[in-house]
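As the structure is a computational prediction, the values presented were derived from the model and not from experiment. Residue numbers begin at 1 in each chain, while the letters A, B, ... track the order of the sequences.
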There are 2 protein chains.
Amino acid sequence: MSETQEFDLQQKVMEVIVERLATGERLPPEKKLAADLGVSRSALREVLRAFQASGLVVALQGSGWYAQPPDVSASIADGWNILLRTQPNVLPQLMDIRYVLEVGFLERAIETLGISDLQKMRDLTDRMVAKARRGEEFVEEDREFHRILFSRTGNILLEQLLKAFWDLFNQIEDLSFRRSSDLVRSAELHQQLFQAILTKDRESATRYLREQFTDIRRRLDGSQTL
Amino acid sequence: MSETQEFDLQQKVMEVIVERLATGERLPPEKKLAADLGVSRSALREVLRAFQASGLVVALQGSGWYAQPPDVSASIADGWNILLRTQPNVLPQLMDIRYVLEVGFLERAIETLGISDLQKMRDLTDRMVAKARRGEEFVEEDREFHRILFSRTGNILLEQLLKAFWDLFNQIEDLSFRRSSDLVRSAELHQQLFQAILTKDRESATRYLREQFTDIRRRLDGSQTL
DNA sequence: TACCATTTGTCCGTATGTATC
DNA sequence: AGATACATACGGACAAATGGT
């Protein structure tokens, strides 16, 4: 019985969140909301905390609870971060998913990019090559390059997934796998990928993107013990 | 100050979870854990609820809190469910991601399936055809078919993502898009896909899987107003 | 500046339902 | 069946932050 009650409570709170998300108003005060739903403040707060973890609402002390467009990237990063810390072999699985997603959306990405996007990407690849020749890494440029690449596909779910991946990479303590064995080659691969995108050469673009991931897989196999 | 304290509390609980995840033991009782961390049971419970939403722990009444390998599917389903209800155009985006993932992993799936899996899939397709001829839907068989198809790839992250998708579909109230315009054709498409998988005919399998999704997209365009 | 009502954050005590031995 | 351990839920109280007067 308690299960169904708790389930109903979650559903009811979800209804309130959806309702307020449209108008942008804050949720009713905990006291009033709890009374309306026929539960104690404690029970209601636990449900709200759960939804907060899913990025549905935020609490501002002294102000109230506010619904917000859900972003699951943080929740994914948290959960999979623990998976990675307990099962190192999850890392290649993560790369496989990113690989499939990026290759799968590459053609759509190429068609939707605008001129300003392409200019930014060119600047980024130039900076990557410059840094590589100085022996420096370019993780931030790498991330921004891929973010822009898929930013115009109009798929906000894809954006959240890719964001979760990059957040995860930044959280990983063992950075050995991120260090490319050949920085210059990695940077030039991005430049070649950019040229293919610029000329809308889908086959070449796919090929260069694939090579980037095979390069990452090579690093992975080198630093990980299965 | 309260932010840093709450942040510390989350971090500390996270450490406990990671520690217990390795051994499989349950977490200390709320009372003792709260005392050890210097907080009240209420505050601790809210943090645990948040982690529960991210699939890190589960609570069994009368027994205790147990750490478990994180499953983010519920969190994704919750978050994206609200996105869907507020922005209907997210639904095709969701299908696009599922499409890219399934097609991208199809070859790997075909190579890793075992005999028992194939038998189950054959039974499922038979039941789908039988139901279709009686004018009945076969959502559960459909879901189970696709679940088995990718269950042997060894990618638990992929499993969680696909699980999130199916949970989402079941939560969607407007079922009009799920009603295939031609049940029999949809069922037979699954049968053809199964045959291609059985004979390890990658090209045909990919083609049939693509057709399934183009069928879904057709339904989507018909029932949705952009 | 100061004050004040509102709202969330936290804590405590108590009773109840459930699981485990 | 009984006893213990534990989570679930409730209500009250106070602290902390916010927003407005």
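- We find that CG of A:L48 is positioned 14 Å from P of C:dT10, with the value rounded to whole Å.
- A:E144 has a carboxylate O that lies under 4.0 Å from a charged side-chain N of A:R147, or vice versa, which qualifies the two as a salt bridge.
- If B:A59 and A:G62 are placed on DNA chain D by their nearest nucleotide, the residue sitting closer to the 5' end is B:A59.
- The interatomic distance linking A:Q61 (CD) with C:dT8 (P) rounds to 10 Å, in whole Å.
- Between B:R49 and D:dT8 there is a side-chain polar atom (N or O) within less than 4.0 angstrom of OP1 or OP2.
- Between B:E25 atom CD and D:dC6 atom P there is a gap of 13 Å when expressed in whole angstrom units.
- Within the nucleic acid shown, B:S42 comes within 4.0 Å of at least one base atom, counting heavy atoms only.
- The side chain of A:S40 has D:dC10 as its nearest neighbour among D:dC10, D:dC6, C:dG9.
- With rounding to whole Å, A:Q10 atom CD is found 11 Å from D:dA9 atom P.
- Backbone-only engagement by A:E30 is indicated by non-hydrogen atom pairs under 4.0 Å involving sugar-phosphate atoms exclusively.
- The distance from atom CG of B:L33 to atom P of D:dA5 is 18 Å, rounded to the nearest whole Å.
- Under 4.0 angstrom from either OP1 or OP2 of D:dT18 there lies no side-chain N or O belonging to A:S63.
- Both the sub-6.0 Å distance and the 45° axial angle are satisfied by B:R98 relative to the ring of B:W166.
- Here the closest non-hydrogen pair linking A:R122 and A:F194 is CB-CZ, 3.5 Å.
- Evaluation of atom-type donor-acceptor distances gives a pair under 3.5 Å for the side chain of A:R41 against the base of C:dG9.
- Atom pair B:L60:CG and D:dA5:P shows a separation of 19 Å (rounding to whole Å applied).
- For the OP1/OP2 pair of C:dT8 and a distance below 4.0 Å, the side-chain nitrogens and oxygens of A:R45 include no atom meeting the criterion.
- Salt bridge status for B:E140 with B:R143: absent, with no side-chain N to carboxylate O gap under 4.0 Å.
- Residue A:W65 contributes atom CH2, which lies 10 Å from atom C1' of C:dG9 at whole-angstrom precision.
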Please evaluate residues B:F213 and B:Y99 with respect to the criterion ring pair (Phe, Tyr, Trp, His ring centres under 6.0 Å), reporting the C-alpha separation (whole Å), side-chain torsions for both, the decisive distance (0.1 Å), and the verdict.
CA-CA 7 Å; B:F213 278 91; B:Y99 166 75; 5.3 Å; yes
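- Between the P atom of D:dT8 and the NZ atom of B:K31 lies a distance of 16 Å, rounded to the nearest Å.
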